[in-house]
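Structure record follows, encoded as C-alpha cells.
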Amino acid sequence: MLAGDDERGLTSVTSRRRRVASLVAACVVSVGLVAAVYVVAVRTTRGRVLDGASLRGATQSRSSATDLVQRLLDVVSVASLVMAVLGLVVIALLRFRRDLAVAAVVLVVGSNLTAQVLKRLLPRPDLGLSETTPATLNSLPSGHTTVAFSIAVALVIVSPIALRPLAAVAGTVYASGTALATLTAGWHRPSDSLAAFFVVTAWAAGTLVYVVRGSRGDDPPENLALDRGATPPRMARAAFVLLAFSVAPALLVVIARLDVHRTLAQVSVYISSGCALAGTATLLMAAVLLATAPEKPLPAPAPG
C-alpha cells in the first residue's frame, strides 16, 4: 500500500510538472504572437494596407445597428471592470478558492495594464500610406477587447467545473462580439483585437502556472482546477471553420492583388477579419478549457 501511495504521488507530481511546462510554453508562444501581430500589422506595408482596408470596409458597411454597437462599447468602463473583478472574486471565495481569486485579479489587472502600456509605448511608423486614421496613432492592443476577453477567461477559471463550458461559450460570444464591435464602430483595427486576445492568453497561462504549482498531490480533482470529456470539441471545430472561411477573402485580396480601395475588396476583408477574430477567440477559449482541466483520478493501488 505504501509503495502504491508513493507511485500515485510521484505520478501526480510528474503530471503537474508537465502541465506547468505546457503553460509556460503557452505563455511564451502567446507573447511571441503579440510581437508577430505587431510586426506584420504595423511595420509592414501589406499588413497596414489590409488592416486599413478592413477598417474602411467596416465604415462602408455601417447600418442602423451602428448606434447600438457604440452603446454596447460605452458599457466598458473602469467602473464596470472593477465590478466584474469583484464578482469574479466573490465566485472564487464562495468556492473557498482563494488561489483562483488571486489568479482572476492578476489576470484581469495584468492583462489590461499590459494593453495600456503597449498601446503607449509601441511605435507606429509612418509608411507613407493613405490611411483613414492618423498614420502614427498606435491603437494596438485594443483596450475594450482586452477587458472583455480577460473577464471571459477569468470567469471560466473561477467557475465550478460543471459550469465552465457554459461560461466559455458565453465569454467567447461576449469577447468576439466586443472585438467585432470595435471594428464595426471604427474604433480599432482587426490587429488590435487580435493582439489583445494573445495578451490575455499569455497572462492566463502565467496565472494558471500559479494555480497548478499551488495544488497538492492529495487534492481532489475539483481543487486541481472540467473534465476533459466535458470540453466542448464543437468550439474548436467551429473555430477552424470560421478561420477557413475567413482566410479565403483575405487571400483573394493578397494573391489576386485586388485594388483595396474598391468597396467589394474592403467589405470582403472586413467580413474575413470578423470571422478571423471570432475563430481566434473560440480557439483560445477552447485552449483555456483544456488548460483548466483537472487531473483524472489515479486508480487505487491493487490490494496487497
Side-chain angles (χ1 to χ4, degrees), residues 26-58 73 76 111-112 114-119 121-122 124 131 133 137-153 171-205 235-236 238-251 253-254 266 268-288:
C27 182
V28 172
V29 170
S30 297
V31 171
L33 289 173
V34 174
V37 170
Y38 168 71
V39 171
V40 173
V42 176
R43 306 193 70 90
T44 68
T45 300
R46 177 55 63 179
R48 290 274 282 267
V49 168
L50 286 178
D51 238 9
S54 180
L55 202 57
R56 288 190 178 96
L73 293 174
V76 179
S111 298
N112 286 278
T114 300
Q116 295 304 317
V117 170
L118 290 178
K119 187 181 299 185
L121 292 184
L122 291 178
R124 184 178 178 87
E131 300 183 81
T133 57
L137 178 61
N138 179 53
S139 56
L140 182 149
S142 165
H144 280 75
T145 303
T146 302
V147 169
F149 198 50
S150 62
I151 291 174
V153 172
T172 301
V173 171
Y174 170 54
S176 58
T178 300
L180 184 57
T182 63
L183 176 59
T184 302
W187 288 14
H188 280 285
R189 308 170 182 92
S191 59
D192 299 341
S193 292
L194 195 60
F197 288 149
F198 294 134
V199 166
V200 174
T201 304
W203 275 97
M235 289 184 64
F240 281 117
V241 171
L242 284 171
L243 290 173
F245 276 106
S246 71
V247 167
L251 285 181
V253 173
V254 175
Q266 292 173 350
S268 296
V269 177
Y270 163 58
I271 294 174
S272 69
S273 297
C275 292
L277 290 174
T280 301
T282 306
L283 278 175
L284 294 177
M285 187 63 81
V288 170

Practice task
Report yes if the side chains of Thr201 and Phe149 come closer than 4.5 Å at any heavy-atom pair, otherwise no.
Solution key: yes
Exercise for the section: Would you check if Ser193 and Leu183 make a side-chain contact, meaning some heavy-atom pair closer than 4.5 Å? Expected result: no
Exercise for the section: Quick one: list whatever passes side-chain hydrogen bond (donor to acceptor under 3.5 Å, both in side chains) with Asn112, sequence neighbours left out. Expected result: Ser150
Problem - Partner residues of Ser139 under the side-chain hydrogen bond (donor to acceptor under 3.5 Å, both in side chains) criterion, sequence neighbours left out - result: Arg189, Asp192
Practice task
Answer yes or no: is there a side-chain heavy-atom contact under 4.5 Å between Trp203 and Val153?
Solution key: no
Practice task
With sequence neighbours left out, write down each residue that passes side-chain contact (heavy atoms from CB on, under 4.5 Å) with Ala202, or none if nothing qualifies.
Solution key: Cys27, Ser30, Val31
Exercise for the section: Return the set of residues passing side-chain hydrogen bond (donor to acceptor under 3.5 Å, both in side chains) with Ser176 (not counting sequence neighbours), or none when no residue passes. Expected result: none
Handout entry: Least distance between heavy atoms, Leu50 atom then Val269 atom
Key = O-CG1, 3.5 Å
Fill in the blank from the handout: Scanning both residues in full, the closest heavy-atom pair of Phe197 with Leu277 reads CE1-O, 3.5 Å
Exercise for the section: Check whether any side-chain N or O of Thr182 sits under 3.5 Å from a backbone N or O of Ala179 as a donor-acceptor pair, and report yes or no. Expected result: yes
Problem - Any donor-acceptor N or O pair under 3.5 Å, side chains Thr184, Tyr270 - result: yes
Handout entry: Spacing of Arg124 atom CZ and Leu137 atom CG [to the nearest 0.5 Å]
Key = 7.5 Å
Exercise for the section: Might you point out which heavy atoms bring Gln116 and Gly143 nearest each other, and give the distance in Å? Expected result: NE2-CA, 4.0 Å
Fill in the blank from the handout: Nearest heavy-atom approach of Gly186 to Leu55 is CA-CD1, 3.9 Å
Problem - Rounded distance [0.5 Å steps], CG in Leu140 versus OH in Tyr38 - result: 8.5 Å
Exercise for the section: Report yes if some heavy atom in the side chain of Val288 is under 4.5 Å from a heavy atom in the side chain of Leu284; otherwise report no. Expected result: no
Problem - Residues forming a side-chain hydrogen bond (donor to acceptor under 3.5 Å, both in side chains) with Ser111, sequence neighbours excluded - result: none
Exercise for the section: Kindly indicate, with the supporting measurements, whether the criterion side chain to side chain contact (heavy atoms under 4.5 Å, CB included) is fulfilled by Val42 and Arg48. Expected result: CA-CA 6 Å; Val42 176; Arg48 290 274 282 267; 4.3 Å; yes
Completion exercise
Hits for side-chain contact (heavy atoms from CB on, under 4.5 Å) against Ala115, two or more places apart or cross-chain, chain-then-number order -> Pro141, Thr146
